[in-house]
Amino acid sequence: MSMTLLSEHEALLSAARDARENAYAPYSHFTVGAALDTGDGHVFLGCNVENASYGLTMCAERVAIGTAVTAGYRNFATIAVAGPDGVVTSPCGACRQVLAEFNPNMTVVFTTPDGPVTTTVAELLPHSFGPLV
Ligand code: THU
C-alpha cells in the first residue's frame, strides 16, 4: 500500500472523478466513479447505478469491467476508484472478486480522507478464488 501517487494514476483518478459525475445514486447519495486502464492506451469508465430494488445496484467498478469486456478488452493493469470526500472508497468484496477474475495483480487506486491509496487486488483480496480454466 502506497500513499504516493504516480502521475499516470493521478490522471486515471481524474477520469474516475469525471465518471462519478454521472453516478445514479438517488437512494444512498453515495456517488462513485471508476476508470479502468488496459495498460495499452485504453481507459473504460463506470459509475454506480442504483435501483429502487436496492439489491440490484451495480457498483462503479463492475460497470467499468462490463464496459471494457463488452468492447473486447480483458487485460487490465490499473483501476482508479473515486468516491465522496471524507470517506474511504475501496472496492467492495463483490467487486474485488470480479477484479480478481481478470488480474489479481491489478493496481488499485482509491480515494480516502487522507488522499489516494495505491494497492493491488491481491492485497485487497488475499487467497482469492480464481477462474476454473
Ligand atoms: N459503491 C460503488 O459503486 N463502489 C464502491 O467501491 C463502493 C460502493 C456504490 C454502491 C452503492 O450504489 C453506493 O456506493 C453505496 O454503497
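In listed order, ligands and their atoms are each counted from 1.
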Would you please test F110 and V88 for side-chain contact (heavy atoms from CB on, under 4.5 Å) and show each step? CA-CA 8 Å; F110 61 87; V88 174; 3.8 Å; yes
Would you mind checking which non-hydrogen protein atom is closest to atom 9 (C) of ligand 1, with the distance to 0.1 Å? N48 ND2, 3.5 Å
Beyond-backbone contact of S90 with R96, side-chain heavy atoms, under 4.5 angstrom: yes
C92 side chain near E61 side chain, heavy-atom distance below 4.5 Å: no
Report yes if M58 has an N/O atom closer than 3.5 Å to an N/O atom of ligand 1; otherwise report no. no
Of all the atoms in ligand 1, which lie at a distance below 4.0 Å from a heavy atom belonging to S90? 6 (O)
Do Y24 and V32 share a hydrophobic cluster, counting only Ile, Leu, Val, Met, Phe, Trp and Tyr and linking them when any side-chain heavy atoms are less than 4.5 Å apart? no
Looking only at heavy atoms of A25, does any of them come nearer than 4.0 Å to an atom of ligand 1? no
Hey, is atom 6 (O) of ligand 1 under 4.0 Å from any protein heavy atom? yes
Out of R20, E50, H29, who gets a non-hydrogen atom closest to atom 13 (C) of ligand 1? E50
side-chain contact (heavy atoms from CB on, under 4.5 Å) between T78 and L12, intermediate numbers included: CA-CA 9 Å; T78 309; L12 200 62; 3.6 Å; yes
Name all pairs fulfilling the ring-ring contact (aromatic ring centres under 6.0 Å, His included) condition that reach into residues 59-84, sequence neighbours left out, sorted by first residue then second. H42-Y73, F44-Y73, F76-F102
Which bit of P91 gets closer than 4.0 Å to ligand 1, counting heavy atoms only: side chain, backbone, both or neither? backbone
I need the nearest protein heavy-atom contact for atom 16 (O) of ligand 1: residue, atom name and distance, please. F30 CD2, 4.8 Å
Quick one: which ligand 1 atoms are inside 4.0 Å of a heavy atom on T57? 10 (C), 11 (C), 12 (O)
What residue and heavy atom of the protein are closest to atom 3 (O) of ligand 1, and at what distance? A60 N, 2.9 Å
Output the list of atoms in ligand 1 that are nearer than 4.0 Å to some heavy atom of E61, sorted by atom number. 2 (C), 3 (O), 4 (N), 5 (C), 6 (O)
Under the side chain to side chain donor-acceptor pair (under 3.5 Å) rule, collect the residues that match up with D85, sequence neighbours excluded. none
Would you say that V109 contacts V81 through its side chain, given a criterion of any heavy-atom pair below 4.5 Å between the two side chains? no
Show me which atoms of ligand 1 lie under 4.0 Å from any heavy atom of S28. 13 (C), 15 (C)
Is any side-chain heavy atom of T119 closer than 4.5 Å to one of L124? yes
With respect to T89, determine whether any N or O atom, backbone or side chain, lies less than 3.5 Å from an N or O atom of ligand 1. no
